[in-house]
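The structure appears below as structure tokens.
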Amino acid sequence: MKPAIVFFDRSYGYARAIVSLIAGLILVIWPKQVQESIIIIAGALILAIGIVSIILYYTGQWKSEKVSLLMLNSIVDIAFGTVLLIFPDFFRSFIMFVFGLILLIFSLGEIINLVRTAKLLSIPIPLFIGPVITLGMGIAMFFFPAKSGNVLFILFGATLLLYAVSEFASTYTIRKRLKETDIE
């Protein structure tokens with residue numbers, strides 16, 4: 001099976017669309033809550049991982065090692081988790097940068113695979129609209145992460161919703177055309 005066709009496999013295409021749809025809805029409905037809590041949740045999880053790791057270091061089989069990787073990892077996790085909890089505002093811009101990077105990767109992946117698939121099948125031009133808009137939003141968020149207010153969270157959520165619809169449409173259309181042409 002060709003890589004472009006695997007990309008639009010029913011289980012992968014629809015799974016990506018559903019995850020994007022859920023994440024997009026959460027960001028559009030609760031942007032302020034997500035913005036306020038995402039860094040704190042991440043910090044608390046990393047801190048908890050560090051604490052559990054340090055407990056395992058002192059109680060597990062690693063305690064006999066001179067300088068354990070687990071101990072070093074624990075210290076880094078505890079320090080980073082604590083910094084995230086103390087300075088959440090500093091990391092919000094970084095999160096927007098990461099969200100922009102995610103959109104860039106998603107949209108470029110879909111565009112590349114649509115182009116690859118277009119070499120095998122006739123692909124309607126409107127299927128490219130969603131990924132191109134998603135690419136534009138990803139570029140904006142990647143290069144202007146400091147504008148990380150609720151508006152960008154809502155726009156990111158809306159763009160994820162657009163990506164989800166685009167992914168549903170692309171997967172459905174390409175799967176249908178593959179069945180018609182017996183390329184599957």
Side-chain angles (χ1 to χ4, degrees), residues 7-56 73-114 126-173:
F7 188 78
F8 291 104
D9 180 83
R10 193 179 322 260
S11 58
Y12 298 123
Y14 291 138
R16 282 191 308 273
I18 290 169
V19 169
S20 297
L21 180 70
I22 292 168
L25 285 172
I26 289 169
L27 286 168
V28 167
I29 294 171
W30 299 293
K32 186 170 178 58
Q33 292 84 349
V34 170
Q35 182 183 13
E36 291 173 354
S37 60
I38 195 167
I39 301 297
I40 293 169
I41 291 169
L45 287 173
I46 293 169
L47 180 62
I49 289 168
I51 291 170
V52 168
S53 295
I54 212 161
I55 291 169
L56 288 174
N73 188 36
S74 301
I75 292 168
V76 170
D77 286 347
I78 290 170
F80 187 60
T82 304
V83 169
L84 284 174
L85 290 172
I86 295 172
F87 304 109
D89 292 334
F90 174 76
F91 290 96
R92 283 198 184 106
S93 290
F94 179 72
I95 290 297
M96 294 310 293
F97 172 79
V98 171
F99 284 172
L101 184 61
I102 289 168
L103 288 178
L104 283 170
I105 291 168
F106 282 4
S107 61
L108 285 174
E110 189 170 358
I111 290 168
I112 289 168
N113 282 294
L114 281 170
L127 288 182
F128 286 90
I129 294 172
V132 168
I133 292 172
T134 304
L135 178 65
M137 184 62 190
I139 290 169
M141 292 174 73
F142 185 79
F143 288 108
F144 305 107
K147 299 182 187 290
S148 61
N150 287 343
V151 173
L152 279 182
F153 270 81
I154 292 169
L155 286 175
F156 179 64
T159 305
L160 276 176
L161 291 173
L162 175 65
Y163 173 78
V165 169
S166 170
E167 186 67 36
F168 274 123
S170 296
T171 301
Y172 175 78
T173 302

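All values derive from a computational prediction rather than experimental measurement.
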Euclidean distance, E167 CD relative to I18 CD1, rounded to 0.5 Å: 10.5 Å
Separation of I111 CD1 from F128 CZ (nearest 0.5 Å): 8.0 Å
Side chain to side chain, T134 and L160, heavy atoms closer than 4.5 Å: no
Rounded distance [0.5 Å steps], CD1 in I133 versus CG in L103: 12.5 Å
Separation of F87 CZ from T82 OG1 (nearest 0.5 Å): 10.5 Å
Side-chain heavy atoms of I154 within contact of L27, under 4.5 Å: no
Heavy-atom side-chain proximity of I40 to L85 below 4.5 angstrom: yes
Exercise: identify the closest heavy-atom pair between V28 and G157: CG2-C, 3.5 Å
pair S20-L161: side-chain heavy atoms closer than 4.5 Å: no
CZ/F142: more than 12 non-hydrogen atoms of other groups inside 6.0 Å: yes
Atom of N113, atom of G109 and distance for their closest heavy-atom approach: ND2-O, 2.8 Å
Any donor-acceptor N/O pair, S166 side chain to G130 backbone, under 3.5 Å: no
Check: L47 and D77 side chains under 4.5 Å, non-hydrogen atoms: no
Pairwise side-chain contact, I139 with L135, heavy-atom cut-off 4.5 Å (strictly under): yes
Qualifying residues under ring-ring contact (aromatic ring centres under 6.0 Å, His included), relative to F168, sequence neighbours excluded: Y14
Flag side-chain contact, heavy atom, 4.5 Å: F106 against R16: no
Check against side-chain hydrogen bond (donor to acceptor under 3.5 Å, both in side chains), S170 and E110: CA-CA 9 Å; S170 296; E110 189 170 358; 3.1 Å; yes
Side-chain donor/acceptor of S107 to backbone N/O of L104, under 3.5 Å: yes
Gap separating the CG atom of L127 from the OG1 atom of T173, nearest 0.5 angstrom: 5.0 Å
Check against side chain to side chain contact (heavy atoms under 4.5 Å, CB included), I105 and L101: CA-CA 6 Å; I105 291 168; L101 184 61; 4.0 Å; yes
